[in-house]
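Step one of this worksheet: look at the structure below.
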There are 2 protein chains.
Amino acid sequence: MPVKKKGPPYPVETVGLDVLEDTLSFYIRSINIALSRDLDDRLEGLDVARGTGKITTLLLVDSHPGIRPSVIAQLIMRDRSAMGRLVDQMIDHELITRQAAPDDGRAQELHITQKGADLARKVRKIATKQSSDFFADVPEKDQKRLLDILRRVYRRTAGLDQ
Amino acid sequence: MPVKKKGPPYPVETVGLDVLEDTLSFYIRSINIALSRDLDDRLEGLDVARGTGKITTLLLVDSHPGIRPSVIAQLIMRDRSAMGRLVDQMIDHELITRQAAPDDGRAQELHITQKGADLARKVRKIATKQSSDFFADVPEKDQKRLLDILRRVYRRTAGLDQ
DNA sequence: CAGAATAGTTGCGTTTGTCCACTAAAAGTA
DNA sequence: TACTTTTAGTGGACAAACGCAACTATTCTG
C-alpha cells in the first residue's frame, strides 16, 4: 500500500487556471509581470529603470528631435500629468531638454542630450536583446505572427489607425 | 505655395517607434496597460478591482478548495509577502477563509465563502467577456494561435513545465 | 540531532499612477 | 472683435501595490 505523500493538495503543475486558462488577458497580464521584471534587471542602474515609459520616451526623443510630450503620452498610454513627471525626471538626469515650441505657445519640444543619445544606443541593444531572449523558445515563425497581431492590437488601442 | 500647417512636428499617427516597433516586449507591456484599465473599469466596485492577482486567487480558491497561498503566488508571479496581503484583503472582504493545513504546520489552506463563490461566478463572466471583447478585432484563427503561444510562454515562465 | 529549506508574516521604503483643479494659449464661432 | 471651447502642460493630493529583507515556526535531510 503506497504511502500517502505530503505536499500541497494541489501541486502547482497540476492546477488548472479555471476560465483564465483560455483568456488572452490573463496571459498578457501575467507575462507582462515577468517581462517587466526581466527588463528592469537588465537596465540595472541605467537611469531608465521601471516602466515602458522611460525607454520609449528616450528612444522617441532621440529619433524624433522636437517631438512633443503629448504625442509621446498617447503612444505610451499615459495621461499628461504622468508624462510631465516623466519628462521632469529625464531632464533631471540630463537625458533630454525641454523648450517652448516656436509656433505654439502651449506646447513644448523635446530634444536629446549627448548623454541621452549615448544611453539610447545602449537601450536599443538591451531592449531588442531582452525581447528576443525572453521569447527565444517561441519558434521564429510564431514570433513573427505574434508581432503582427500584437502590433495591430496596439495600434488600434492607442488610436493610431483610422 | 501651400500654407505651412500648424500642429506638432510629428503627428501621432506617423511617429515610428524606433526599435520598439519590432519588439514583442513593447507591445505586451503597452497592451497590458490598456487591458488592465479596461478590466478594472468592468470590475468597478466588485471587491476585486486592480491586478490579475485578486481575480486569479478568487477563481483558484473557488475551483480548488484548500489550495495553498504559495501555490497561487507562483501562478500569479508574486512573492509570498504580496500574496499574504492579498489573502488578508480577501478575507477582510469575506471572500475566502484561511485555516491551518492539517498535515503541515507551516502551510495554510484557503476556502471560498458563499459570498466569494457568488462573486466568482460574476467574475468568470466578466473576465472572459472582457478578453473576447478586447480582442474582438483579431480574427478567430489568430486568437487561437495567440492563445497557444502565450500559454506556452506563460507556463514556461511560471515554471510549470518540466 | 544539526543544518538547510519551506510557509507565512511584518515592517519599510519606494515607486507609480490617477484624479482634479488650474493656467495659458490657440482654435472655433458669430 | 468678443466669447466659448479645446488643447498643452503643471502641481498637489492621494492611494495602492510591490519588492526586499528580516524573523518565526515547521519540516526535511543526512
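Throughout, protein chains are lettered first and strands after them, A, B, ... in sequence-line order, and every chain is numbered starting at 1.
- Although no hydrogens or angles enter the test, the distance criterion places no donor-acceptor pair under 3.5 Å between the side chain of B:Y154 and the main chain of B:I149.
- Regarding A:N32, its CG atom lies at a distance of 12 Å from the P atom of C:dG17, rounded to whole Å.
- Residue pairs meeting the salt bridge (charged side-chain N to carboxylate O under 4.0 Å, His left out) criterion with at least one partner in residues 54-67 of chain B, sequence neighbours excluded, are B:D62-B:R124.
- For A:I33 and D:dA17, the CD1 to C1' distance is 11 Å, given to the nearest whole Å.
- Within a heavy-atom distance below 4.0 Å of DNA chain C, the residues of residues 65-78 of chain B found are B:P69, B:S70.
- Taking CD1 of B:I67 as the reference point, atom NE2 of B:H111 lies at 11.0 Å (rounded to 0.5 Å).
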Under 3.5 Å, N/O pairs linking protein and nucleotides 21-25 of chain C:
from   : atom 1 : to     : atom 2 : distance (Å)
C:dA25 : O3'    : A:G105 : N      : 3.4

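- Here B:Q108 reaches the OP1 or OP2 of C:dT9: one of its side-chain N or O atoms lies under 4.0 Å away.
- As rounded to whole Å, 12 Å separates atom C1' of C:dG17 from atom CG of B:D40.
- A salt bridge between B:K125 and B:D118 is absent, with no side-chain N of the basic residue lying under 4.0 Å from a carboxylate O of the acidic one.
- Using a 4.5 Å cut-off on side-chain heavy atoms (C-beta onward), A:R78 and A:I72 make no contact.
- Nearer the 5' end of DNA chain D, as judged by each residue's closest nucleotide, is the contact made by A:V87, out of A:V87 and B:Q89.
- Listed by first then second residue, pairs satisfying salt bridge (charged side-chain N to carboxylate O under 4.0 Å, His left out) with a partner in residues 89-102 of chain B read B:D88-B:R98, not counting sequence neighbours.
- Comment: A:R37 does not engage A:D41 in a salt bridge, judged by the lack of any side-chain N to carboxylate O separation of less than 4.0 angstrom.
- Atom CG of B:D79 and atom P of C:dA7 are 13 Å apart (whole Å).
- With rounding to whole Å, B:D41 atom CG is found 14 Å from C:dG17 atom C1'.
- Summarising the local packing, NZ of A:K144 is surrounded by 12 or fewer heavy atoms from other residues, nucleotides or ligands at distances under 6.0 Å.
- A salt bridge is defined here as a Lys NZ or Arg NE, NH1 or NH2 lying under 4.0 Å from an Asp or Glu carboxylate O, and A:R151 with A:D148 meets this definition.
- Counting heavy-atom neighbours within 6.0 Å of B:E44 CD, excluding the residue itself, gives a total of 12 or less.
- A salt bridge does not link B:R152 to A:D137: none of the charged nitrogens lies less than 4.0 Å from a carboxylate oxygen.
- Five base pairs at each end of the helix from C:dC1-D:dG30 to C:dA30-D:dT1 define two local axes, and these are offset by 40° (rounded to 10°).
- One atom, CE of B:M90, and another, P of D:dA17, lie 12 Å apart when rounded to the nearest Å.
- Proximity of B:R37 to the phosphate of C:dT18: a side-chain N or O atom is located under 4.0 Å from OP1 or OP2.
- Within the 3.5 Å criterion, the main-chain N or O of B:K129 finds a donor-acceptor partner in the side chain of B:S132.
- Between C:dT16 and A:K54, a contact under 4.0 Å exists linking OP1 or OP2 to a side-chain N or O.
- Of the charged side-chain nitrogens involved, at least one lies within less than 4.0 Å of a carboxylate oxygen, so that A:D161 and A:R155 count as a salt-bridged pair.
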Scan nucleotides 11-14 of chain D against the protein and return all N/O pairs shorter than 3.5 Å with their distances rounded to 0.1 Å.
from   : atom 1 : to    : atom 2 : distance (Å)
D:dG12 : O6     : A:R85 : NH2    : 2.6

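- For A:E109 and D:dA8, the CD to P distance is 14 Å, given to the nearest whole Å.
- Atom CE in B:M83 sits roughly 13 Å away from atom C1' in C:dA7 (whole-Å rounding).
- How far CG of A:N32 is from OG1 of B:T52: 8.0 Å, rounded to the nearest 0.5 Å.
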